[in-house]
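By convention in this document, chain letters (A, B, ...) are assigned in the order of the sequence lines, proteins followed by strands, and residues within each chain are numbered from 1. As a basis for the values below, the full set of heavy atoms in this structure was taken, side chains included, without hydrogen atoms, waters or symmetry mates.
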Amino acid sequence: KETFDGHQVLRIAPRDEAQLALVKDMEDMMEFELDFWKGVTEVATHVDVRVPFHSLQSTKTYLESQDIKYSIMIEDLQVMLDEEQEEMDSAARDAEPRN
Amino acid sequence: TDSFDFSRYHTLNEIYSFQDMLVAENPKMVSKIVIGRSYEGRPLNVLKFSTGGTNRPAIWIDTGIHSREWVTQASGTWFAKKIVTDYGSDPALTAILDTMDIFLEIVTNPDGYYYTHNTNRMWRKTRKPNSGSSCVGVDPNRNWDAGFGGAGASSNPCSETYHGPSAHSESEVKSIVDFVKSHGNLKAFLSIHSYSQMLLYPYGYTRTVAKDQAELHAVAEKAITDLASLYGTRYRYGSIITTIYQASGGTIDWTYNQGIKYSYTFELRDTGRYGFILPANQIIPTAKETWLALMVIMDHTYKNLY
């Protein structure tokens, strides 16, 4: 099962059309292996992107060097997935007929 | 199915079992049609809700075409139970089903859904290998013959929005295409995604304004107003290309071009900070609010048959 330890989801808030274009350019940076959860639409709407651990630093450097505002929406994706799985497992256990 | 736990996420097999149980419990109203097979050979199950007649005007609802968007399959399961529960007690739904049929495909991308449970929770596409590439899968919402291959989809098999080698190359898509064409009397087509709280209508591949744009816009406005009335979840609405971005090869552009006027895509909630890893405790609230919007569109369709 693929794990996502250290993957973060960044919520990017482009300030203007120029920054929107710079974020759009990130879609072609295949080496970063970015996964756009909410793609680039318009300036007023934030962009959510999952960033693998190995490209976190370079992605943040790219954004900060262009003065593009972002926040960390999900600190560690695997932690969230573990919680989701645990919830599913415990609900499934509860659903099992009693002996 | 009364004891089915709609407030948690379920595996593919659990959803398949639910579908069979619902059919067994409601033999006069619910039947299961297998419209095709996925690439890996799984059945593409569509639940048909009908109170009689033959080839009645009908409404199509699908969830889960992007497999990782689990709240959509979970909502689709809840919709199925809601339909059988409300028929006979809710006047609006009863009137709709006394005249029209409803088709509901809950797991539109079963290979992808199975893969998210067992291998990669982030998987979105189909699971068919791409010749000449190590990357697998096609975005089933870029594979339709509507502006196929144009801007707003990727020709790179490794991209999440890869449009595929040709229109309708994916069996998950082609099966729906064949069903829509063979049925020939669908009047509304509602394809449900998550997330970003939007209600969208054609077009996505072109800036051409849909000829029914004014009506589609008015119905969308009413739908998101009813949706927001429950928990205050705020939606944006409009045509795909003006509201989000250019997207070619999309489902509802194709269905609209087939003459199915009331073609809409939903992008369900994330009101918080979870994206499509929406906590299970938000499944039922999401399904309930979405149902209000679906009822607006279905009611309008029923009252404006064409």
Check every N and O of chain A against chain B and note each donor-acceptor pair under 3.5 Å, with its distance.
{"residue": "A/K1", "atom": "NZ", "partner": "B/H117", "partner atom": "O", "Å": "2.9"}
{"residue": "A/E2", "atom": "N", "partner": "B/T119", "partner atom": "O", "Å": "2.5"}
{"residue": "A/D35", "atom": "OD1", "partner": "B/R68", "partner atom": "NH1", "Å": "3.3"}
{"residue": "A/D35", "atom": "OD1", "partner": "B/R68", "partner atom": "NH2", "Å": "3.1"}
{"residue": "A/D35", "atom": "OD2", "partner": "B/R68", "partner atom": "NH1", "Å": "2.7"}
{"residue": "A/E42", "atom": "OE2", "partner": "B/R236", "partner atom": "NH2", "Å": "2.9"}
{"residue": "A/D48", "atom": "OD2", "partner": "B/Y195", "partner atom": "OH", "Å": "2.5"}
{"residue": "A/I72", "atom": "O", "partner": "B/R273", "partner atom": "NH2", "Å": "3.3"}
{"residue": "A/E84", "atom": "OE1", "partner": "B/R121", "partner atom": "NE", "Å": "2.7"}
{"residue": "A/E84", "atom": "OE2", "partner": "B/R121", "partner atom": "NH2", "Å": "3.1"}

Under 4.5 Å from any heavy atom of chain B - which part of A/F4: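 Only the side chain of A/F4 comes within 4.5 Å of chain B.
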
Side chain / backbone / both / neither for A/I72 at chain B, heavy atoms under 4.5 Å: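 Contact with chain B is through the backbone of A/I72 alone.
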
Residue pairs, two or more places apart or on separate chains, that pass salt bridge (charged side-chain N to carboxylate O under 4.0 Å, His left out) and touch residues 191-201 of chain B: none

